[in-house]
A.B. asks: 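If you scroll down you'll find the structure; I have some questions about it.
Numbers restart at 1 for each chain; the letters A, B, ... are given by sequence-line order, proteins then strands.
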2 protein chains.
Amino acid sequence: MGDTQLLDRAFAALADPTRRDLVARLAVADATVGELAEPYDVSFQAISKHVKVLEEAGLVTRSRDAQRRPVHLNAEALDLMTGWIERYRREVEARYRRLDDLLARAAGDDEDRRPDKEQAS
Amino acid sequence: MGDTQLLDRAFAALADPTRRDLVARLAVADATVGELAEPYDVSFQAISKHVKVLEEAGLVTRSRDAQRRPVHLNAEALDLMTGWIERYRREVEARYRRLDDLLARAAGDDEDRRPDKEQAS
DNA sequence: ATCGTTGTCAACCGATTGGTTGAAGAAGGG
DNA sequence: CCCTTCTTCAACCAATCGGTTGACAACGAT
């Protein structure tokens with residue numbers, strides 16, 4: 001699957017607070033759908049659907065262990081997301097810095113004309 | 001607004017490829033809605049809606065400059081998202097490491113009993 | 001004061017989403 | 001083989017979403 005589609009699904013998956021909570025719990029330990037569903041007061045099937053959404057987003061995988069299907073958090077999908085976000089966060093912050101430099105340089109020009117105080121903290 | 005609600009909206013906002021593209025372009029430079037809308041073949045109003053979604057997610061702010069309303073990417077919202085993701089990514093990776101250690105220690109025990117071949121590749 | 005530019009609001013449409021309930025599939029244990 | 005356990009599939013419902021078009025609000029220019 002393309003990264004774009006994967007990002008679509010991953011971001012959409014984490015847009016739901018229940019699913020974010022599932023991810024938080026799966027970070028601590030793998031769990032079956034049944035175990036995951038227990039704390040919530042929605043139907044078991046609703047949680048099964050949530051897990052399916054996480055799975056289709058690549059955020060979790062499942063193995064088979066007899067009747068149980070333990071759900072396992074996939075760190076790589078999280079990497080894909082932070083990778084995307086960080087790229088643009090860095091870009092915009094670099095832009096802020098350039099603006100700051102520009103302002104500092106303008107202030108520096110002022111200093112050139114009034115060559116006394118330096119590094120106005 | 002609560003962080004939970006903000007995360008809901010931020011993740012939902014980035015779940016749309018058009019909105020991710022807007023963010024990518026805003027990382028390079030601020031832009032007006034009109035400038036943002038130009039490359040896409042959807043209606044101007046559709047992009048206006050997308051920008052509104054980004055704004056309500058805290059991902060973007062707008063200032064007023066005469067008739068123009070330049071849109072500006074907000075790095076802090078991106079930080080909030082990576083902060084959330086990274087927390088659980090680190091947690092699950094720490095868990096992997098513990099598991100690896102455990103397996104390595106088990107392998108070490110094997111070595112104790114059959115102290116000959118090492119690293120069966 | 002009117003005009004063009006820039007942008008939002010409102011109403012509507014089809015598709016998707018998160019939830020429900022009910023039935024069915026898959027894999028041991030008796 | 002049947003029974004129980006864990007899990008998914010199917011159908012349905014209300015709500016939300018991304019898109020459209022049309023009207024309107026805000027501001028500068030003429």
A.B. asks: Listed in order of residue number, which residues of residues 49-58 of chain A have a non-hydrogen atom at under 4.0 Å from DNA chain C?
C.D. replies: A/Lys49, A/His50

A.B. asks: Examine C/dT8: is either OP1 or OP2 under 4.0 Å from a nitrogen or oxygen in the side chain of B/Ser48? Give yes or no.
C.D. replies: yes

A.B. asks: Output one line per pair: protein atom, nucleotide atom from nucleotides 21-23 of chain C, and distance, for all N/O pairs under 3.5 Å.
C.D. replies:
{"from": "C/dG22", "atom 1": "O6", "to": "A/Gln45", "atom 2": "NE2", "distance (Å)": "3.0"}

A.B. asks: Rounding to a whole Å, what distance do you find between A/Glu38:CD and D/dT5:P?
C.D. replies: 16 Å

A.B. asks: Counting distance only, does the side-chain N/O of A/Arg95 pair as donor-acceptor with the main-chain N or O of B/Ala27 below 3.5 Å?
C.D. replies: yes

A.B. asks: Give me each pair satisfying side-chain hydrogen bond (donor to acceptor under 3.5 Å, both in side chains) with a member in residues 41-53 of chain B, each pair once, sequence neighbours excluded.
C.D. replies: B/Arg19-B/His50

A.B. asks: Using the side chain to side chain donor-acceptor pair (under 3.5 Å) criterion, which residues pair with B/Arg9? Sequence neighbours excluded.
C.D. replies: none

A.B. asks: Once salt bridge (charged side-chain N to carboxylate O under 4.0 Å, His left out) is applied, what residue pairs with a partner in residues 82-91 of chain A remain, sequence neighbours excluded?
C.D. replies: A/Glu86-A/Arg89, A/Glu86-A/Arg90, A/Arg89-A/Glu93, A/Arg89-B/Asp79

A.B. asks: Please list residues of residues 4-24 of chain B whose heavy atoms come under 4.0 Å from any atom in DNA chain D, ordered by number; otherwise none.
C.D. replies: B/Asp16, B/Arg19

A.B. asks: Does A/Asp16 have any salt bridge (Lys or Arg N to Asp or Glu O under 4.0 Å) partners at least two apart in sequence or in another chain, and if so, which?
C.D. replies: none

A.B. asks: Would you please name every residue forming a ring pair (Phe, Tyr, Trp, His ring centres under 6.0 Å) with B/Tyr96, sequence neighbours left out?
C.D. replies: A/His72

A.B. asks: Extract from the structure each pairing of a protein N or O with an N or O of nucleotides 25-30 of chain C at less than 3.5 Å, listing the distance.
C.D. replies:
none

A.B. asks: Is the shortest side-chain N/O distance from B/Arg69 to OP1 or OP2 of C/dG7 below 4.0 Å?
C.D. replies: no

A.B. asks: Spell out, as yes or no, whether a donor-acceptor pair under 3.5 Å connects the side chain of A/Asp30 to the backbone of A/Pro70.
C.D. replies: no

A.B. asks: Partners of A/Glu56 by salt bridge (Lys or Arg N to Asp or Glu O under 4.0 Å), sequence neighbours excluded?
C.D. replies: none

A.B. asks: So, using salt bridge (Lys or Arg N to Asp or Glu O under 4.0 Å) as the criterion, who are the partners of B/Arg62 when residues are at least two apart?
C.D. replies: B/Glu55

A.B. asks: Can you find a side chain N or O atom of B/Thr32 that sits less than 4.0 Å from OP1 or OP2 on C/dT6?
C.D. replies: no

A.B. asks: Compare every heavy atom of A/Leu59 with every heavy atom of A/Leu78, then report the nearest pair and how far apart it is.
C.D. replies: CD2-CD2, 3.7 Å

A.B. asks: Could you tell me which residues satisfy side-chain contact (heavy atoms from CB on, under 4.5 Å) with A/Arg20, sequence neighbours excluded, listed by chain and number?
C.D. replies: A/Leu14, A/Pro17, B/Thr4, B/Leu7, B/Asp8, B/Phe11, B/Trp84

